[in-house]
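Take a look at the structure set out below.
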Amino acid sequence: MYDVVRRIPRGTVATYGQVAALAGAPRSARFVGFALHSNPEPGVIPCHRVVFRDGSLAPGFAFGGPERQRALLEEEGVVFRPGTGDPAGAAGWRVDLTRCQWRA
DNA sequence: AACGTGACATCTG
DNA sequence: GCAGATGCCACGT
């Protein structure tokens, strides 16, 4: 499970459902979120690489703020798209899952 | 030991 | 297509 999250390549993001599926729990996306919340190994578990199915993070529950996450992901090469009239979750910033979603 | 709740996702109406 | 309800696993009370 944590190993799966750790396995997320740099510059890509994975959805809770995706991680859950890889972890062997296709319907336990919530469990994934809880696991990340647990964050047994801070600094090792890239919570910011795990996003909603919409491509956004949990607003307010990010490690240090939505901007921080955007900065990190952007730094890793993840493509962000500004609020194209559909602001969702984190400050209306969503990751381009069509290009940056991690595929096993 | 049991009930309720929680970083989501998916099905049905 | 949108809105509401349900399921999953683990943790807290």
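A, B, ... follow the sequence lines: proteins, then strands. Residue 1 opens every chain.
Distance A:Leu97 CG to B:dC8 P: 16 Å, rounded to the nearest Å. Following rounding to the nearest Å, A:Asp54 (CG) and C:dC2 (P) show an atom-to-atom distance of 12 Å. What separates CZ of A:Phe31 from P of C:dG12 is a distance of 13 Å, to the nearest Å. Distance A:Arg30 CZ to B:dG4 P: 14 Å, rounded to the nearest Å. Rounded to an integer number of Å, the gap from CD of A:Gln69 to C1' of B:dA7 is 11 Å. Taking atom CG of residue A:Asn39 and atom P of nucleotide C:dC11, one finds them 15 Å apart after rounding to whole Å. Between the OH atom of A:Tyr16 and the P atom of C:dG7 there is a distance of 23 Å, rounded to whole Å.
Heavy atoms of A:Arg53 sit under 4.0 angstrom from primed sugar atoms or phosphate atoms, though from no base atom.
For the OP1/OP2 pair of B:dC11 and a distance below 4.0 Å, the side-chain nitrogens and oxygens of A:Arg27 include no atom meeting the criterion.
Between A:Ile8 atom CD1 and A:Gln18 atom CD the span is 8.5 Å, to the nearest 0.5 Å. One distance of note links CG of A:Leu73 with CZ of A:Arg68; it measures 11.5 Å at 0.5 Å rounding.
Closest to the A:Ala29 side chain, of the nucleotides C:dC8, B:dC8, C:dC11, is B:dC8. With C:dC9, B:dG6, B:dA7 as the choices, the nucleotide that has an atom nearest any side-chain atom of A:His37 turns out to be B:dA7. Closest contact between the side chain of A:Ser28 and the listed nucleotides C:dC9, C:dG7, B:dA9 involves C:dC9.
The closest donor-acceptor contact from the side chain of A:Gln69 to the backbone of A:His48 lies under 3.5 Å. For A:Arg70 (side chain) and A:Phe80 (main-chain N/O), no donor-acceptor pair under 3.5 Å exists by modelled atom type.
For the C1' atom pair drawn from B:dA7 and C:dA3, the interatomic distance equals 22 Å after rounding to whole Å.
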